[in-house]
Structures are given as C-alpha cells and as structure tokens.
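In what follows, a structure is listed as structure tokens, so that the remarks can point back to it.
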Amino acid sequence: MLTRAMLVERVWGYDFAPTTNIVDVYVRHLRVKLTAAGGEDPIVTMRGVGYMLRG
C-alpha cells in the first residue's frame with residue numbers, strides 16, 4: 001500500500017505541496033487507461049490511508 005504522502009514524495013519530491021489534489025488527478029487518469037479495454041479497476045482506494053493494487 002502507498003499513502004498519498006509517499007506518492008507525492010517519490011513522484012514529485014519533498015518540496016511539493018502536500019495539500020494539492022495532484023495524486024487524485026493522476027490516479028484517475030491511470031484508472032481510465034487501465035480500464036479502457038473493459039477490465040476491472042486494479043486500484044483500490046483505502047479512504048483516509050492511500051492506494052493499493054488488487055492482487
């Protein structure tokens with residue numbers, strides 16, 4: 001599982017504003033691409049915690 005803070009830190013760096021919704025925007029884009037062929041959404045949102053992939 002990855003928390004929002006972990007994603008911001010690893011992708012955008014330490015100096016990026018953690019209050020932005022950039023993680024939500026890019027997770028949404030990723031979901032659209034991964035489900036374009038009609039497949040199931042592999043990303044699980046753990047509300048208040050972060051994200052994980054279904055296995």
Side-chain angles (χ1 to χ4, degrees):
M1 180 177 48
L2 293 171
T3 65
R4 294 171 52 90
M6 290 168 71
L7 288 169
V8 167
E9 180 181 305
R10 292 181 183 174
V11 176
W12 291 279
Y14 292 102
D15 297 332
F16 200 82
T19 57
T20 182
N21 71 339
I22 195 78
V23 174
D24 300 324
V25 170
Y26 279 95
V27 167
R28 171 87 172 113
H29 286 295
L30 185 57
R31 281 186 163 131
V32 168
K33 289 183 181 201
L34 292 172
T35 59
E40 187 177 331
D41 183 6
I43 302 171
V44 178
T45 301
M46 306 294 288
R47 192 168 206 138
V49 180
Y51 301 95
M52 67 181 206
L53 293 175
R54 291 176 209 243

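What you are looking at is a predicted structure, and each value in this text was computed from that prediction instead of being measured. In this chain, residues are counted from 1 in sequence order.
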Tell me every residue that passes side-chain contact (heavy atoms from CB on, under 4.5 Å) with I22, counting only those two or more places apart in sequence or in another chain.
W12, F16, T20, Y26
Distance col, row R28:CZ vs N21:CG, nearest 0.5 angstrom, shows 13.0 Å
Distance check, rounded to the nearest 0.5 Å: T3 atom OG1 versus R10 atom CZ?
8.0 Å
Establish whether V44 and V27 are linked, either directly or via other cluster members, by ILVMFWY side-chain heavy-atom contacts under 4.5 Å.
no
Please output the side-chain donor-acceptor pairs of residues 47-55 that fall under 3.5 Å, not counting sequence neighbours, one pair per line with the distance.
unit_1 : atom_1 : unit_2 : atom_2 : d
Y51    : OH     : D24    : OD1    : 2.9
R54    : NE     : D41    : O      : 2.9
R54    : NH1    : E40    : OE2    : 3.1

Hydrophobic cluster membership, with links at side-chain heavy-atom distances under 4.5 Å among I/L/V/M/F/W/Y: are L7 and M46 in one?
no
Co-members of the apolar cluster containing V32 [side chain, <4.5 Å]:
none
Nearest 0.5 angstrom please: I43 CD1 to L34 CG, how far?
5.5 Å
Return the set of residues passing side chain to side chain donor-acceptor pair (under 3.5 Å) with T45 (not counting sequence neighbours), or none when no residue passes.
R31
